[in-house]
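Read the structure below first, then the notes.
Convention: sequence-line order gives letters A, B, ...; per-chain numbering from 1.
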Amino acid sequence: MRFTNSLEFNTFTELRFMFRKVLIANRGEIALRIISACKEMGIRTVAIYSEADRNSLHVRFADEAICIGPPRSADSYLNVPAVISAAEIADVDAIHPGYGLLSENANFAEVCRASNIKFIGPPPEVTRLMGEKEKARMSMKKAKVPILPGSEGVIQSEEEALDWARQIGYPVILKASAGGGGRGMRVVRSPEELPNFFRAARTEAQNAFGNGDLYMEKFIERPRHIEFQVLADEHGNVMSLGERECSIQRRHQKLIEESPSLQVTPKMREEIGATLKRCLETIGYMNAGTVEFLMDEDGKLYFIEMNTRIQVEHPVTELVTGVDLVKAQFRIAAGEKLSEIVTRPIEMRGHAIECRINAEHPEKFTPSAGKISVFNLPGGNGVRVDTAQYAEGIVPPYYDSLIAKLIVHGTSRAEAVARMERALSMFVVEGIHTTIPLHQRIFADEDFRVGAFDTKFMERFFEREKLRRESAQ
Amino acid sequence: MRFTNSLEFNTFTELRFMFRKVLIANRGEIALRIISACKEMGIRTVAIYSEADRNSLHVRFADEAICIGPPRSADSYLNVPAVISAAEIADVDAIHPGYGLLSENANFAEVCRASNIKFIGPPPEVTRLMGEKEKARMSMKKAKVPILPGSEGVIQSEEEALDWARQIGYPVILKASAGGGGRGMRVVRSPEELPNFFRAARTEAQNAFGNGDLYMEKFIERPRHIEFQVLADEHGNVMSLGERECSIQRRHQKLIEESPSLQVTPKMREEIGATLKRCLETIGYMNAGTVEFLMDEDGKLYFIEMNTRIQVEHPVTELVTGVDLVKAQFRIAAGEKLSEIVTRPIEMRGHAIECRINAEHPEKFTPSAGKISVFNLPGGNGVRVDTAQYAEGIVPPYYDSLIAKLIVHGTSRAEAVARMERALSMFVVEGIHTTIPLHQRIFADEDFRVGAFDTKFMERFFEREKLRRESAQ
Amino acid sequence: MNAGQLQSLKDLIEFLKQQEVGEFELEQEGLKVRLSFAGQGRSAGNNVDLGQLSHLLQYAPAASPAAVAAPAHLSNVSAGPSAVELSTAGEEAGLHIIKSPIVGTFYEASAPGAEPYIKVGDQVESGQVVCIVEAMKLMNEIESDVAGEVVKRMVASGQPVEYGQPLFAVRRR
Amino acid sequence: MNAGQLQSLKDLIEFLKQQEVGEFELEQEGLKVRLSFAGQGRSAGNNVDLGQLSHLLQYAPAASPAAVAAPAHLSNVSAGPSAVELSTAGEEAGLHIIKSPIVGTFYEASAPGAEPYIKVGDQVESGQVVCIVEAMKLMNEIESDVAGEVVKRMVASGQPVEYGQPLFAVRRR
């Protein structure tokens, strides 16, 4: 039997400096998540809210709350002068932006700095660098982080296109520089196809956007979305906390996330972690961040972008690593070193899965605002719920539809899957529609259960459901 | 960075044999806890219920439910023929008794055996042995488990008493063999005091019980209640899962439990674990069990009794060891070996604390049955709630008052304490009284916060509160 | 009003509540009952206070597919409030319900192939054996608690029954 | 009525209450009982739908001791629904409330020591500057949106105000 010295766990850590009072520039479950972390750290909290959120739990459970505007986000949660003004009258030391809203707005971080308020996140320069996708790609490439191979700049001719395609390797995809929405786009699988497709794509792009410029990227047939969580202190130290698998998406909105990924071997995890550490230390990254990759069918990872904030799906990493990421954000911002915050080597323990419970119709995906009449949360071993909703609570129509995150932890993926099914069956919401039934159907899917999926999974899933419905008629 | 091979966590364990259908002979949160474990293991569940529990969640979330009698426990949950009859008509393979009720009734376990239904727990012979306190003490003593030193049998004279006291060591306590309630009881701190006290106690016992027989035990001034969780398979293997500290009690009812104990060093934990393993392997113990000790002011442990069932406070051990004890009970009963169930060495990770939320008036402790109008559960990182209650649910007056267990896990005791305070502040119950405000007061107590307590803590706590109230007037 | 009648009245009220009845009147042979539930004002119309009922328990549990897959002979036992439902299914004004006092297996006769203790249309006396409920290999004779005409048998021979499950409906004499 | 009957009646009443019965009548063999529970008016009247209010939000949070310890100058800002409360506190029939359109610090005058823009008893015109709310070092002049007599000032100079917080009550002309 091996027992860790219990005393190790029982010393009150003396913090050299900690914030006295923090404003949470967000709403919903993430605001409550941050308030919870603050309560546990002895930091006073100030909630801000729009008129539509007067009765929200983040308002109720914060020490202070300030109404900053009417319901529309643009007039309240995204209204920088209103947020800063609230921070000033409440006399806070710091602002935590949560995710979405102002969290990746470098200008906001700059105003915070000018107002002498600590912004819990990376400095504006880093946010800005990562916000410019091409610059971010190049920074990563320089540090030997694998990026999705592609042409450099506009392709002038068929010959040049053939040349790039040979370097990149088939299949490749031609894209309109000016474009979007599939127009001027062609997947090319062999050199024979290329000339015709090149001409067709150029004409289409010219007609659609008045600009025929094309560029080329490696085409990944069935990519997985895999992202790495990192923490970086203000003393130049970066640490990777392993990956999350986020391939279950509907229209680029993640539905289910898990950690670890079945596809990432310990060797890959260690290599990518080491590369990211090197790269982000060079860039001077600070606080929490997420590096997003696509994984091709051969298990190779390609960098796509970096999110310079806490993610919705951060709890799966918290459950497998045992690191409280939101507390770590505060401690980093307060000047602590990573080695003081994470005192043991990161080890991924067991398997965690998160389901996003949205207020949406489970088939039509139309938002389902309204009043919740019944709200019975699942509990018990290995179940975590992050929510700011409650029975008699209102889901306002102005904001995103996430009403709860249901997260489970098990010793194996099989146990986590079974636990999630159990928890979903005990999660009762009435008065509005939610994605709970959709999650139950996904968890019954054989491909999902064995982990055979990619970002196109949901398309195939809905197709299969449609076929089954039709054949049943 | 150290990563465990993720594949290790992702193999579906193939069970050689598992129960097809199980009856849960209990109610409330523990019934739901067991149903949850069954759902996760693919075992069909049968709930039994009294007429008062028709609308309970254990009835709602089981696959089948059978009403077995009127509200009084004696006529329903404790009615062996009704329970067995329900098991027979539902055609189950096994019965899980939970805690309390029939869980330590050896006759019930025997009837199960005669009816060809597996009882999830130790065999009746072992339950019976442990149920007879003196036999259990002797079995433990034989295996070198330290027991509370005492005289053997009745003390005939003052000389004999002096002799025993010298062997045991002062202070000692004289107790009436026939007695209880403090009469015929004397604490003796020196040989000078002994003769007078012996005569006084004998007279008192004679007058009170018509029997002046006395015996003697070591007296512990301020004992702590510390218990060890064990698992034993049906192949002769026993394993200790470390201790729980349960000294915060009111009238012998535990209020708060935690693991690990601040008082148990890794060396003690290992030594006691090894001794228990040897002892329980000799006895032929099976399934989950708890060995209760008193700890004296010098940190020495003395065996008091063994509970041959799952305990109310089992979740704190689950959180620090990562072992699902209820699932382990099923797997053991299905014939699996401990080495298959617990595949890594037991390591105590972080610190877990449980608060029992009872439906009681927080000052008067009178049971508070009735209808719950508001029930807002805390959630988020490190918070677990085990409950079978819900908004609009009824707390019937017939059963024990436990309505929820709030359990937190943190990297240190300090974090766990802060997390519990946070979670208690977000746990909102209306319509009935609960012990939530009492827990909040205990968590604010300095002695509790630093871990300076024993089983007399609550007496002193109430005394301090009373003094404060009086001085405030 | 005797204990049996009082119990019947209570059962009826529970049922009315469950069925979300607002107002109720009954007149029969010298008995007259009228009641309305709280929150059911005269003019309030359909102002049903749903808060009074448990929303949660109206919810069909996710477990239902499994329940459907239950062995047919247990289907009556598998749903929590089934006894009440059955009770009401067979209940008409003035009928008395003989319920099972124990959990077990219902038999209409003392042995396979033997005559049933009672049949629909029979007259029963208070104290007369009406069936057997087997529990733990013991054959328990169940007696009628009223005298009257057997109007309905609610359980098939060999079927498991739970505590309080309706067995027969009897029109009281 | 003997003791046994009385007890039965009490049991019945307890049961009716538990079942949330509003009104009840029973007539049988010379016995007649009629009762209605308190708070069950005939007309819907004060039949407040409590479900519409959030029970949860009526709950005084555990955080209140901390809130009490808040700096006094923030006490108006610290409670969520404070604006509404203040609004109603100062509101009487016919009064118009000028509310703060932004979060910031309220000043009654353009500079320390200067005359206040308006005082209680003054007549204001629509569009007239009534105070300043400072936000992010900017002095925002707040204009009256009605014409009338200033009846009340709800905020002290130098006090922080949230969005929508009542500043003045004006009796409209």
- Message: Between B:Lys39 and A:Glu415 (salt bridge meaning N to carboxylate O under 4.0 Å), is one present in this structure?
- Response: no
- Query: Got A:Glu421 and B:Glu40 here, is their nearest side-chain heavy-atom distance under 4.5 Å?
  - Reply: no
- Task: Evaluate the side-chain proximity of A:Val383 to B:Val385: yes if any heavy-atom separation is below 4.5 Å, no if none is.
- Result: no
- Task: Starting at NE2 of A:His409, measure out to CZ of B:Arg384 and round the result to the nearest 0.5 Å.
- Result: 13.5 Å
- Message: Between B:Val323 and A:Thr411, does the side-chain contact (heavy atoms from CB on, under 4.5 Å) criterion hold? Intermediate values first, please.
- Response: CA-CA 9 Å; B:Val323 175; A:Thr411 52; over 6 Å; no
- Message: For B:Arg422 and A:Met41: C-alpha separation, side-chain torsions, deciding distance, then whether side-chain contact (heavy atoms from CB on, under 4.5 Å) applies.
- Response: CA-CA 10 Å; B:Arg422 186 272 284 180; A:Met41 300 178 91; over 6 Å; no
- Query: At a heavy-atom separation under 4.5 Å, does A:Gln389 approach chain B through its side chain, its backbone, both, or neither?
  - Reply: backbone
- Whatever's closer than 4.5 Å to a heavy atom in chain B on A:Glu318 counts as side chain
- Quick one: which of B:Thr321, B:Asp324, B:Leu377 has the most heavy-atom pairs under 4.5 Å with chain A, could you say? B:Asp324
- Among B:Gly380, B:Gly379, B:Ala418, the residue with the most heavy-atom pairs under 4.5 Å to chain A is B:Gly380
- Query: Taking A:Lys267, A:Arg33, A:Lys327, A:Glu29 one by one, which has the highest count of heavy-atom pairs under 4.5 Å against chain B?
  - Reply: A:Lys327
- Item | Shortest non-hydrogen separation from A:Asn381 to B:Asp386 and the atoms involved | N-OD1, 4.2 Å
- Message: I need the minimum non-hydrogen distance between A:Ser36 and B:Met426, along with the two atoms involved.
- Response: OG-CE, 3.4 Å
